[in-house]
Amino acid sequence: KQEVTQIPAALSVPEGENLVLNCSFTDSAIYNLQWFRQDPGKGLTSLLLIQSSQREQTSGRLNASLDKSSGRSTLYIAASQPGDSATYLCAVNDYKLSFGAGTTVTVRA
Amino acid sequence: NAGVTQTPKFRVLKTGQSMTLLCAQDMNHEYMYWYRQDPGMGLRLIHYSVGEGTTAKGEVPDGYNVSRLKKQNFLLGLESAAPSQTSVYFCASLDPGRSQETQYFGPGTRLLVL
């Protein structure tokens with residue numbers, strides 16, 4: 001059974017600081033890994049998807065890395081803004097998504 | 001394209017009542033999923049389907065039933081609702097043949113069981 005852990009559970013930073021969110025998983029037999037954003041009371045927005053054969057994926061200020069052998073992924077958000085405040089969920093995919101509990105980020109203006 | 005839609009958006013039930021949540025997708029996806037999300041937790045898989053007429057259990061299937069009579073629809077049923085089923089329910093779909101293989105999520109259904 002795949003176990004996905006996200007550390008830390010919550011993070012508060014001043015605007016402009018870089019964010020580092022961690023995700024670990026127990027079974028490396030995955031097709032891909034996705035990072036999602038969820039605003040309070042809202043649905044999920046897909047941010048980045050990394051195929052199992054890839055090492056990293058970038059979109060604007062977001063960069064996600066994947067190390068399958070160690071069962072780890074990291075999401076970097078550069079130059080954080082108050083609008084980045086949300087919960088970030090990591091999910092590993094073997095055609096069934098297994099989610100971590102999320103990291104709730106607060107960016108202070 | 002509407003993507004993935006869910007009906008209803010919000011519902012209040014009394015313990016013991018039954019209801020059906022409807023998920024519909026217009027992307028011709030083979031795979032469909034039902035998840036629940038509780039406060040402070042990620043999403044947990046309830047049931048899923050890899051094609052019309054097929055269903056399978058996920059991580060937390062007890063108390064729920066599903067049906068996939070048409071490819072575009074995936075129904076989640078609660079036969080006798082319990083307060084422990086108060087949650088936000090998300091439906092998703094996936095086309096396994098596409099290289100991105102990303103799941104597309106609906107907006108969620110908030111269910112309160114009193």
Side-chain angles (χ1 to χ4, degrees), chain A residues 1-11 21-27 29-54 57 59 64 66 73 75 86-105, chain B residues 2-7 9-10 23 25 27 29-51 54-61 66 74 87-112:
Chain A
K1 179 179 177 289
Q2 181 76 264
E3 302 284 348
V4 182
T5 304
Q6 291 187 246
I7 295 173
L11 189 58
L21 309 180
N22 297 300
C23 172
S24 62
F25 49 95
T26 55
D27 187 347
I30 64 173
Y31 290 103
N32 58 50
L33 183 144
Q34 276 187 270
W35 284 93
F36 293 87
R37 170 185 172 137
Q38 186 175 34
D39 294 295
K42 302 295 185 183
L44 281 75
T45 301
S46 180
L47 297 174
L48 289 169
L49 182 149
I50 312 176
Q51 299 287 359
S52 62
S53 58
Q54 296 177 315
Q57 192 69 246
S59 175
L66 174 64
S73 176
L75 177 67
T87 296
Y88 293 82
L89 295 165
C90 161
V92 296
N93 187 10
D94 57 0
Y95 289 127
K96 294 175 288 178
L97 283 179
S98 296
F99 283 83
T103 295
T104 299
V105 171
Chain B
V4 180
T5 58
Q6 293 183 229
T7 307
K9 289 184 171 56
F10 177 70
C23 176
Q25 53 95 4
M27 297 173 283
H29 286 174
E30 286 292 335
Y31 293 12
M32 296 187 74
Y33 310 79
W34 276 108
Y35 295 88
R36 62 176 287 173
Q37 185 178 33
D38 300 301
M41 302 183 70
L43 281 69
R44 292 182 292 168
L45 182 63
I46 305 171
H47 286 282
Y48 64 101
S49 167
V50 298
T54 74
T55 62
K57 294 180 180 180
E59 183 185 352
V60 288
V66 288
F74 195 28
S87 189
V88 180
Y89 292 86
F90 289 99
C91 175
S93 70
L94 166 75
D95 182 348
R98 296 191 177 181
S99 61
Q100 278 295 300
E101 296 176 346
T102 183
Q103 291 195 10
Y104 293 83
F105 282 82
T109 294
R110 294 183 175 276
L111 177 64
L112 175 62

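Values below: every heavy atom of this structure, side chains too, minus hydrogens, waters and symmetry copies. Chain letters run A, B, ... following the sequence lines, proteins first, then strands; residues in each count from 1.
Proximity to chain B involves both the backbone and the side chain of A:Leu97, based on heavy atoms less than 4.5 angstrom apart. Residue contact with chain B, scored on non-hydrogen atoms closer than 4.5 Å, involves the side chain of A:Lys1 exclusively. For A:Gln38, the part sitting under 4.5 Å from any heavy atom of chain B is the side chain, from C-beta outward, and nothing else. For B:Arg110, the part sitting under 4.5 Å from any heavy atom of chain A is the side chain, from C-beta outward, and nothing else. Contacts between B:Leu43 and chain A at a heavy-atom distance below 4.5 Å involve backbone atoms as well as side-chain atoms.
Looking at B:Val66 and B:Phe74, their side chains come closer than 4.5 Å, going by heavy atoms from C-beta outward. Two residues are said to be in side-chain contact when any heavy atoms from C-beta on lie closer than 4.5 Å; B:Gln103 and B:Tyr33 meet this criterion. A:Cys90 is not listed as a side-chain neighbour of A:Leu75, based on a closest heavy-atom distance of 4.5 Å or more.
At least one donor-acceptor pair closer than 3.5 Å links the side chain of A:Gln2 to the backbone N or O of A:Thr26.
Inspection of the B:Thr55 and B:Ser49 side chains reveals no N or O donor paired with an N or O acceptor under 3.5 Å.
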